[in-house]
Amino acid sequence: MQRYFVEEKLKLNHLFSCQEDQIKHMSRVMRFRPKTQVICIDPFENVFLCEIQNVDSGQLLPIEKLDDNHELDVDVTLVYGLPKNDKFEFVLQKTTELGVNRIVPFFSQRSVIKGDKNSFSKKYVRYQRILKEASEQSGRLKIPKLMPAIKLNEISQYLSDYNLVAYEEASKQGEASHLSQVMNSSYESITIIVGPEGGFDEKEITYMKSLGIVECSLGKRILRSETAPLYMMSVIGYTRELMK
Ligand code: SAH
């Protein structure tokens, strides 16, 4: 069933109007008729089954409150070395599907895109739309937050109960236990850090280790920078949801 994040607080049996882009989606893309049912999620994570009353004006009636939580039970922050543009969009979409809560892009020594905070903020609206649509599609209650791009020396504000940096050199040296050790620990929040196409500079790793961040391997093969976050998110999802 189609899901929409709406901006106002919903109440059972109280008519409300959805946003312009949603009206367009309902009328032009989905060609919904009155009485079609959709699911709406309000900013307080209340989920309601709603019935469309009027497609053109986007009027909906919440007819049943649903108990529907598909969120990961752990707060995941992804700190991600900015890659080329379309790859970043891919990572936003896929990590949202996999349950990420917060995405913090960073400019690294080896980022293909150099520290240009302006060009990043220009795309912010587009990125926001990708996050929202991926959240709707995957049945989430939350839209992940996209934070402003940082330099690596600003990372400490985003540290969690556990903090792992995926490091290609750790993989080349045969490290094979750090990720699974953390997955077997109890934690409520985790920060995962992935480098850009060019990988991490040794100094960056030394700096992160000085903050208590643990380096880990993601197996024997070197993954592209857009694959690595998906690997880590999948491992977290698997251990938290399917191994109990
Ligand atoms: N150009 C580098 C690889 C960069 S891969 C090289 O050839 O060595 C981009 C990022 O993905 C890395 O910085 C790291 O964060 C992550 N990554 C990819 N494969 C990995 C692996 N096997 N183990 C740990 N991290 C990995």
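The structure displayed is predicted, hence computed values, not measured ones. Order of appearance sets the numbers: ligands from 1, and atoms from 1 within every ligand.
Each of Leu230, Ile236, Val235 was compared with Leu98 under the side-chain contact (heavy atoms from CB on, under 4.5 Å) criterion, and only Leu230 meets it.
Evaluation of the salt bridge (charged side-chain N to carboxylate O under 4.0 Å, His left out) test over residues 6-19, restricted to residues two or more places apart or in two chains, returns none.
Counting atoms of ligand 1 from 1 in the listed order, those under 4.0 Å from a heavy atom of Val194 are 11 (O), 15 (O). Within the listing of ligand 1, atoms 24 (C) sit less than 4.0 angstrom from a heavy atom of Cys216. Those atoms of ligand 1 with a heavy atom of Glu197 less than 4.0 angstrom away are 1 (N), 2 (C), 3 (C), 4 (C). In the vicinity of Gly219, heavy-atom distances shorter than 4.0 Å reach the ligand 1 atoms 22 (N). The Lys172 neighbourhood of ligand 1 comprises atoms 6 (C), 8 (O), with distances under 4.0 Å to a heavy atom of that residue. Close contacts of ligand 1 with Ile222, meaning ligand atoms under 4.0 Å from a residue heavy atom, involve 3 (C), 19 (N). Those atoms of ligand 1 that come under 4.0 Å of a heavy atom in Ser217, given as number and element, are 23 (N), 24 (C).
Looking at Arg102, its side chain never comes within 3.5 Å of a backbone N or O of Leu78 through a donor-acceptor pair. A distance-only check finds a donor-acceptor pair linking the side chain of Asn163 to the backbone of Ser160 [under 3.5 Å].
The shortest heavy-atom distance from Pro196 to ligand 1 is under 4.0 Å. Residue Gly198 places a heavy atom under 4.0 Å from ligand 1.
In this pair, Phe200 and Phe106 present their aromatic rings parallel. The plane angle is below 30°, not in the 30 to 60° band.
The local environment of NE2 in His14 is sparse, with at most 12 non-hydrogen atoms from other residues, nucleotides or ligands closer than 6.0 Å.
Contacts between Lys220 and ligand 1, counted as non-hydrogen atom pairs separated by less than 4.0 Å, are absent for every part of the residue. No part of Ala170 comes within 4.0 Å of ligand 1, judged by heavy-atom distances. Heavy atoms of Ala228 found under 4.0 angstrom from ligand 1 belong exclusively to the side chain.
Under 4.0 Å is where a charged nitrogen must lie from a carboxylate oxygen, and between Glu197 and Arg224 no such pair does.
At a 3.5 angstrom cut-off on N or O pairs, Ser225 does not count as close to ligand 1. In terms of polar-atom proximity, defined here as any N/O pair under 3.5 Å, Glu169 makes no such contact with ligand 1.
Follow the hydrophobic side-chain contacts under 4.5 Å out from Met1 and you reach Val47 in the same cluster.
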Can you list, pair by pair, the side-chain donor-acceptor contacts under 3.5 Å of residues 22-30, counting residues two or more places apart and other chains?
{"residue": "Gln22", "atom": "OE1", "partner": "Gln19", "partner atom": "N", "Å": "3.1"}
{"residue": "Gln22", "atom": "NE2", "partner": "Phe5", "partner atom": "O", "Å": "2.6"}
{"residue": "His25", "atom": "ND1", "partner": "Tyr4", "partner atom": "OH", "Å": "2.8"}
{"residue": "Ser27", "atom": "OG", "partner": "Ile23", "partner atom": "O", "Å": "2.9"}

